[in-house]
Amino acid sequence: MSPKRHRKNRGEMYRYSRWGWQLKRRHPGRKLLLGFPFPYSTSTPPENEEPASPGPPPIRVSITESAGRGVFATRRIGSGDLIHTAKPVVSYPSLSSIHSVCYFCLRKLKPVTAPEGCDVRFCSQECEEQSKVFLEVESKEDWSAFDDYCRTRGLKYPLLVKRLACMVVSGGASADCLDILQPENLSSEMISEMGEGFSLLQSAFMKAKAGDDHMAFLTEQWYINMMARFRINSFRIELAGGGSYEDLHLLAMASVETEAAVGNAVYMLPSFYNHDCDPNAHIIWIDNVNARLKALREIEAGEELRICYIDASMDRDARQTILFQGFGFRCSCPRCSSYGD
């Protein structure tokens with residue numbers, strides 16, 4: 001699978017935005033194994049899920065023959081098993097959901113009349129406390145122009161840059177924390193279109209008189225670098241709620257209307273999963289932004305784990321078109337090669 005390129009404003013067409021990184025060119029003949037310095041968990045799963053084994057998940061990240069980095073099983077994984085969970089590095093609610101979901105974990109909230117002057121809500125004191133990593137900085141700025149820019153153009157990735165910038169200014173994240181992720185190859189036209197977003201972001205911080213020491217990272221190049229990574233590494237968060245495993249399986253394999261998304265997020269470990277139109281694993285969100293990777297069938301030790309980036313129920317031609325237009329590769333998985341669907 002070739003590296004993926006995401007087209008502007010096509011995010012609503014795809015269930016997932018992923019990538020494959022061609023590191024093999026940089027490390028010919030080298031078998032690269034990555035550890036897990038990422039936010040993941042194998043803690044007690046929700047109801048209807050098998051408990052995961054304690055310790056690291058039964059997977060490794062290594063170089064594939066054709067798709068750059070990939071995720072491989074280190075032991076047999078049973079059908080329906082919870083492989084691992086993952087917390088986002090950065091997330092942001094969709095502007096249409098900003099008053100109806102937790103501002104930190106994106107959990108859906110009961111409708112209430114918000115007090116005057118209350119812009120955001122939280123589902124718990126814990127989420128409100130954890131939000132301080134960005135909210136204390138964010139609340140000092142006037143984001144009206146920046147948010148209007150995103151809202152009128154239907155943009156979501158600049159909101160992730162905004163959140164990350166606030167985390168960096170507060171000391172909650174490093175400016176290079178996402179450098180490990182593959183960036184999209186941006187055209188000069190795409191880069192030019194990002195100039196307005198950067199100017200509005202920079203202006204918001206400057207008006208708040210943020211200290212120069214804290215703002216040194218915020219250059220136009222940094223903004224472009226982050227946009228290039230968010231565009232092909234962000235997941236659209238669609239909450240499944242409760243229900244049986246079969247219900248969640250059907251949800252993962254079917255397209256969902258754009259309005260179902262409560263926000264977007266970027267993760268580390270899930271970013272290494274490659275695509276297959278007949279996947280052996282899938283990613284789901286039950287009630288908040290924390291992701292769960294589950295096995296769709298039995299997976300043998302050494303087998304690569306793959307998820308489907310798009311609506312797998314589409315016919316072959318539609319899948320090929322969307323994958324090429326949205327991610328820049330022609331899928332050659334067994335299902336596509338068989339011409340049988």
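These numbers come from the heavy atoms of this one structure, side chains and all, not from hydrogens, waters or symmetry mates.
Under a cut-off of 6.0 angstrom, the local environment of CD in Glu196 is crowded, with over 12 non-hydrogen atoms contributed by other residues, nucleotides or ligands.
Atom CG in Leu200 sits 8.5 Å away from atom SG in Cys150 (nearest 0.5 Å). The CG atom of Leu159 sits 7.5 Å away from the CD1 atom of Ile98 when rounded to the nearest 0.5 Å.
Within the 3.5 Å criterion, the main-chain N or O of Asp317 finds a donor-acceptor partner in the side chain of Thr321. A donor-acceptor contact shorter than 3.5 Å is absent between the side chain of Asn274 and the backbone of Arg306. Not one N or O on the side chain of Arg107 forms a donor-acceptor pair closer than 3.5 Å with the backbone of Asn288. A distance-only check finds no donor-acceptor pair linking the side chain of Arg229 to the backbone of Val266 [under 3.5 Å]. Side-chain N or O atoms of Asn225 include none that pairs as donor or acceptor with a backbone N or O of Asp179 at under 3.5 Å. Between the side chain of Asp276 and the main chain of Asp278, a donor-acceptor pair closer than 3.5 Å is present. Within the 3.5 Å criterion, the main-chain N or O of Arg292 finds no donor-acceptor partner in the side chain of Thr85. Formation of a donor-acceptor pair under 3.5 Å by the Arg121 side chain with backbone atoms of His99 is found in this model. The main-chain N or O of Phe230 is never found under 3.5 Å from a side-chain atom of Tyr157 such that the two would form a donor-acceptor pair. At least one donor-acceptor pair closer than 3.5 Å links the side chain of Gln320 to the backbone N or O of Cys331.
Inter-residue side-chain proximity for Leu164 and Leu178 is flagged as met; some heavy-atom pair is nearer than 4.5 Å. With a 4.5 Å cut-off on side-chain heavy atoms, Ser203 and Leu201 do not count as touching. Between Val168 and Leu218, every side-chain heavy-atom pair lies at or beyond the 4.5 Å cut-off.
Listed here is the closest heavy atom pair of Leu106 and Tyr92: CD2-C, 4.2 Å.
Under a cutoff of 6.0 Å and an axis angle of 45°, Arg163 and Phe146 do not form a cation-pi pair.
Residue Phe104 forms a side-chain contact (heavy atoms from CB on, under 4.5 Å) with just one option from Ser91, Ser131, Pro93, and that option is Ser131. The ring pair (Phe, Tyr, Trp, His ring centres under 6.0 Å) with Tyr267 is formed by just one residue from the set Phe272, Tyr273, Phe235; it is Phe235.
Between the side chains of Glu129 and Gln125, not a single donor N or O lies within less than 3.5 Å of an accepting N or O.
Qualifying salt bridge (Lys or Arg N to Asp or Glu O under 4.0 Å) partners for Glu136, counting only residues two or more places apart in sequence or in other chains: none. The salt bridge (Lys or Arg N to Asp or Glu O under 4.0 Å) check on Asp176 picks up nothing, with sequence neighbours excluded. In this structure, Phe122 has no ring pair (Phe, Tyr, Trp, His ring centres under 6.0 Å) partners at least two apart in sequence or on a different chain.
Phe72 and Ile59 end up in different hydrophobic clusters when Ile, Leu, Val, Met, Phe, Trp and Tyr side chains are linked at under 4.5 Å.
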